[in-house]
There are 2 protein chains.
Amino acid sequence: MQYLNNLKNSELFYSIEPDDIKEMFYCLNSYIKEYNKDEIILSEGEQVDKIGIILSGRARSIKSDITGKTTIITLLKQGSYIGILLAASKDRLSPVYVQALDNTSVLYITVDNVFKRCAKNCARHEILTRNLFDGISQKAMILHDRNDCLIKSSLRDKILTYLIRISKEQKSSEFIIPLDRDSMAQYLNADRSALSRELSKMQKEGLINFSKNFFILNN
Amino acid sequence: MQYLNNLKNSELFYSIEPDDIKEMFYCLNSYIKEYNKDEIILSEGEQVDKIGIILSGRARSIKSDITGKTTIITLLKQGSYIGILLAASKDRLSPVYVQALDNTSVLYITVDNVFKRCAKNCARHEILTRNLFDGISQKAMILHDRNDCLIKSSLRDKILTYLIRISKEQKSSEFIIPLDRDSMAQYLNADRSALSRELSKMQKEGLINFSKNFFILNN
DNA sequence: TTAATTTCGTTGCGAAGGCAACATAACTCC
DNA sequence: GGAGTTATGTTGCCTTCGCAACGAAATTAA
């Protein structure tokens, strides 16, 4: 299987040896599916009981809201999960659709089989469960962190909440944020120009210093 | 152990027999701790590697933001998890503190031990892992759903997103929402009076009908 | 039953911030 | 290096919505 080495670096199979991974495929009832560029990998409203992992290629998840406007949620690349939160909560219908950006191959694993033990009760399986668990909680934390910003009433507090978090993550009051202005505005659910305006104000008031995506938090 | 029957109805031990639960305590390295009214169960900034489950009493989780303002996040009652998301992502520090509202007893379970298999490789353990998994994903979904509302730019879209979701959940265009106006405003991160204003507008325009927490979605 | 308290709707005011349009700088590509 | 393209900052206008204050209805207490 040509993708074994990719999988070794994936979250789900992290610290599991390629040979072991190969062996697990049977217990896990897993299979690979190939998609052409632009093809739909997951449809909106679909019910999901399998985790997808991108073996090669890229995809994006897109959500259409009540007004019909569509937004790109995330870029999915090699090693990314598809529908991990969905697979975890079985009765949920997918609020997004996922579309291949390149020719893309996806490995599917039935969630139930991750929990069922293979006859051998192998240590690898334990790692797998743990990794899956970590994956989900990581997703949950991403949601939590964004919520933390969004629930602030003023744009300034949204910005500060975001910057303080990144500062803590990087354990320094000087740091580079991983978003450009546009993405940052989207992340904070604000207008880009309004964001720029507020950032400038905050700099004038001495709260922060910044240039492009390098920031300094004062005090 | 007096609480065994409470646990039977908890999420984590759902569909596990009391006798089995008792037996699992050893594998799980679990213990019970009692707290007095007002006592701090979990401090802000604390690192967590154990799941707490409230056996009796009530507690609340409180978050203080960058300005120092504190907000009550959730009310925790019998069967509620404490720090399940935190325990799941080890290196995270608690963004909230949890305070007992009554005299409260909490069962602690080391997360690692949920994943480690006891010698017997028992079926119950499999259920436990699955339940824990479900608990986390449920929390993640709660966050996801709120995010879905918060990312809307207008108050009206926030409201609609919320109402449509509840409508879908209850599979009817006529439904009762579980929040009063005040809580709904908080949930949508809006001002209560602004929310009332917008709801009235939407009713005038024929989009919805409502009285108190009973709503009808038109079209 | 009446007072008190909670819950919800209404409205005027003003500020915050979205929107659009433009300016400028940086970067990419021939 | 010049032209196109992209990322960011600036600013005026105007809508949305937060805030405060009040009123009415409903619920609870006494």
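Predicted, not measured: the structure shown is a model, and the values here were computed from it. We use all heavy atoms of the structure for the numbers below, so side chains are in, but hydrogens, waters and symmetry mates are not. Within every chain, numbering begins at 1; the chains are lettered A, B, ... in the order of the sequence lines, protein sequences first and strands thereafter.
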query = Looking at CG of B/L188 and CG of B/L195, how far apart are the two atoms once the value is rounded to the nearest 0.5 Å?
reply =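 Result: 6.5 Å between the selected atoms.
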
[N] [atom2] sits how many Å from [X] [atom1], rounded?
| X | N | atom1 | atom2 | answer |
| --- | --- | --- | --- | --- |
| B/L199 | C/dT11 | CG | P | 15 Å |
| B/R156 | D/dT15 | CZ | P | 15 Å |
| B/R192 | C/dT6 | CZ | C1' | 11 Å |
| B/N189 | C/dA16 | CG | P | 16 Å |
| A/L188 | C/dA16 | CG | C1' | 15 Å |
| A/F210 | D/dA7 | CZ | P | 17 Å |

request  = Return the 5'-most residue of the pair B/L179, B/S153 with respect to DNA chain C, ranking by each residue's nearest nucleotide.
outcome  =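 Nearest nucleotide further toward 5': that of B/L179.
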
inquiry  = Let me spell it out: for each of B/R197 and B/D182, pick the nucleotide of DNA chain C with the closest heavy atom. Which residue's pick is nearer the 5' end?
reply    =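 Looking at the nearest nucleotide for each, B/D182 comes out on the 5' side.
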
key: A/D180 and A/S183: side chain donor to acceptor below 3.5 Å   =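 Yes, A/S183 and A/D180 have a side-chain donor paired with an acceptor closer than 3.5 Å.
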
A/Y162 and its ring pair (Phe, Tyr, Trp, His ring centres under 6.0 Å) partner, picked from A/F215, A/F175, A/Y187 =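 That would be A/Y187.
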
message = What I want to find out is whether B/D102 reaches B/R58 closely enough, with some N-O distance under 4.0 Å, to be called a salt bridge.
response =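 Yes, B/D102 and B/R58 are salt-bridged.
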
task = Look at the side-chain N and O atoms of A/R181 and state whether any lies under 4.0 Å from the OP1 or OP2 oxygen of D/dG9.
result =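 Answer yes for this pair, as a side-chain N or O of A/R181 is under 4.0 Å from OP1 or OP2.
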
